[in-house]
Trainee: 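Below you'll find the structure I mean.
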2 protein chains.
Amino acid sequence: MRTPEGDALSDLVLDLFRLDSLLLTAGDRLVAPLGLTSARWQVLGAIVAAERPQPVAWIARDLGGNRQNVQRIINDLHKEELVAFEVNPHHRRAQLVVLTRKGQRTFRAAMELQAPWIDDLSDGLSVKDIRTVHRVIRSLRDKLEGNGEVEESV
Amino acid sequence: MRTPEGDALSDLVLDLFRLDSLLLTAGDRLVAPLGLTSARWQVLGAIVAAERPQPVAWIARDLGGNRQNVQRIINDLHKEELVAFEVNPHHRRAQLVVLTRKGQRTFRAAMELQAPWIDDLSDGLSVKDIRTVHRVIRSLRDKLEGNGEVEESV
DNA sequence: TTATAATTGACATTATAATGTCAAATTTGG
DNA sequence: CCAAATTTGACATTATAATGTCAATTATAA
């Protein structure tokens, strides 16, 4: 009915869902003392990771999340003064999102909490296997992101 | 700051989140014609996977989801006559959840849609690598589920 | 048996996420 | 320069998920 690869991947998917939910919950617990959640942490991370300040819609695209939700999260972060908006020379309405001092401190604190936690979580695994996992995950991700775009050759 | 394993795992996590969300969305699209969603499909799967009919709370535990949400989903499935409740000889209130004929047909139809889809998704990957991924995922899952229970030896 | 704790479904409330629409602003193509 | 398409943030609505509480029921232990 299915290929051996399809079977193996099928077996994997449910555990993947479960792991995802466990990671989110663990992340929530980890950074709760900082007033963060997994979602907020991820948004801060996307802002840090970007080379230059971006408007909300771009950050949402980077995250693969939907625009309105990311907007809400960033507005929340703004209320708590973790991010600020800067004038965008290229767009009057779409302001650029940057971390405030407080935002930088909070993000750094989160990463400092993360280090021992992820070290412990990875204990017993080999870098080689983790890389294999990463490669497969990326491959699946890429395949799913190429939304069946059958590009018409002009 | 982090071990090499911790670093590698860190790199992995964000892609894992993204993949998860892509898989859920793809699943939603796949089974939408059947009136299902990823969440409903998963609940049906848990009912099928269990050896014997279970009350809602047990299914929720199997799924690692929260009880109230699973209850809501199962009530929805009940309204659409995909599941039915049976008297539980061991508990007056906690009825046993079973699939109706329609539920069985729908679940089977979902799996038939899934087969070619997952075959295609797994194309290009080796069973060996997929199994490695599964093993690592399971290991992480187990570690996160053992909620720091420092069992006291009596 | 009795009392104490744990489980379970129902209900209510809140939080988060997803979807759709709109007007302002920008970009694109001519 | 102009018109059409796209992007963007704001807003509203709905859907889904999470959290807390309660009474009924069952399980456990004394």
Trainee: Less than 4.5 Å apart, side chain to side chain, heavy atoms only: is that true for A:Leu34 and A:Trp41?
Mentor: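 No, side chains not in contact.
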Trainee: Between the protein and nucleotides 6-9 of chain C, which nitrogen or oxygen pairs come in under 3.5 angstrom?
Mentor:
residue, atom, partner, partner atom, Å
C:dT8, OP1, B:Trp58, NE1, 2.2
C:dT8, OP2, B:Arg61, NH1, 3.1
C:dT8, OP2, B:Arg61, NH2, 3.2
C:dT8, O2, B:Arg93, NH1, 3.1
C:dG9, OP1, B:Val56, N, 3.2
C:dG9, OP2, B:Ala57, N, 2.9
C:dG9, N7, B:Arg67, NH1, 2.3
C:dG9, N3, B:Arg93, NH2, 3.3

Trainee: Look at atom CD of A:Glu80 and say whether more than 12 heavy atoms of other residues, nucleotides or ligands are closer to it than 6.0 Å.
Mentor: yes
Trainee: Under the criterion salt bridge (Lys or Arg N to Asp or Glu O under 4.0 Å), I'd like the reasoning laid out for B:Lys143 against A:Asp123: C-alpha separation, chi angles, the key distance, then a yes or no.
Mentor: CA-CA 10 Å; B:Lys143 210 174 282 189; A:Asp123 186 50; 5.3 Å; no
Trainee: Under 4.0 Å from any heavy atom of chain A: name the first and the last nucleotide of DNA chain D that qualifies, 5' to 3'.
Mentor: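 From 5' to 3', the first and last contacting nucleotides are D:dT8 to D:dC11.
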Trainee: Which residues satisfy the ring pair (Phe, Tyr, Trp, His ring centres under 6.0 Å) test with B:His91, sequence neighbours excluded?
Mentor: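 By the ring pair (Phe, Tyr, Trp, His ring centres under 6.0 Å) rule, B:His91 matches no residue at all.
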Trainee: I need the minimum non-hydrogen distance between B:Ser38 and B:Asp28, along with the two atoms involved.
Mentor: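 Reported closest heavy-atom pair: N-OD1, 2.7 Å.
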Trainee: Side chains of residues 43-55 of chain B: which donor-acceptor pairs under 3.5 Å do they make with residues two or more places apart or in other chains?
Mentor:
none

Trainee: Using rotation axes that map the C1' atoms of four end pairs onto the next four (five pairs an end), what angle separates the end axes of the helix from C:dT1-D:dA30 to C:dG30-D:dC1, to 10°?
Mentor: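 The angle, to the nearest 10 degrees, is 40°.
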Trainee: Enumerate, atom names and distances included, each donor-acceptor pair closer than 3.5 Å involving a side-chain atom of residues 4-17 of chain A, sequence neighbours excluded.
Mentor:
residue, atom, partner, partner atom, Å
A:Asp7, OD1, A:Arg2, NE, 2.8
A:Asp7, OD1, A:Arg2, NH2, 2.8
A:Ser10, OG, A:Arg2, NH1, 3.0
A:Ser10, OG, A:Gly6, O, 3.4
A:Ser10, OG, B:Gln114, NE2, 2.7
A:Asp15, OD1, B:Arg138, NH1, 3.4
A:Asp15, OD1, B:Arg141, NH1, 2.4
A:Asp15, OD2, B:His134, NE2, 2.6

Trainee: In terms of heavy-atom contacts, does CH2 of B:Trp58 have more than 12 from other residues, nucleotides or ligands at under 6.0 Å?
Mentor: no
Trainee: DNA chain C: A:His90 or A:Asn69, which has the more 5' nearest nucleotide?
Mentor: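 Comparing both residues, the 5'-ward one is A:Asn69.
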Trainee: Can you give me the closest heavy-atom contact between B:Ala26 and B:Trp117, atom names plus distance?
Mentor: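 In terms of heavy atoms, the two residues are closest at CB-CZ2, 3.7 Å.
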Trainee: Is there a side-chain contact between B:Leu144 and A:Thr25 (heavy atoms, below 4.5 Å)?
Mentor: no
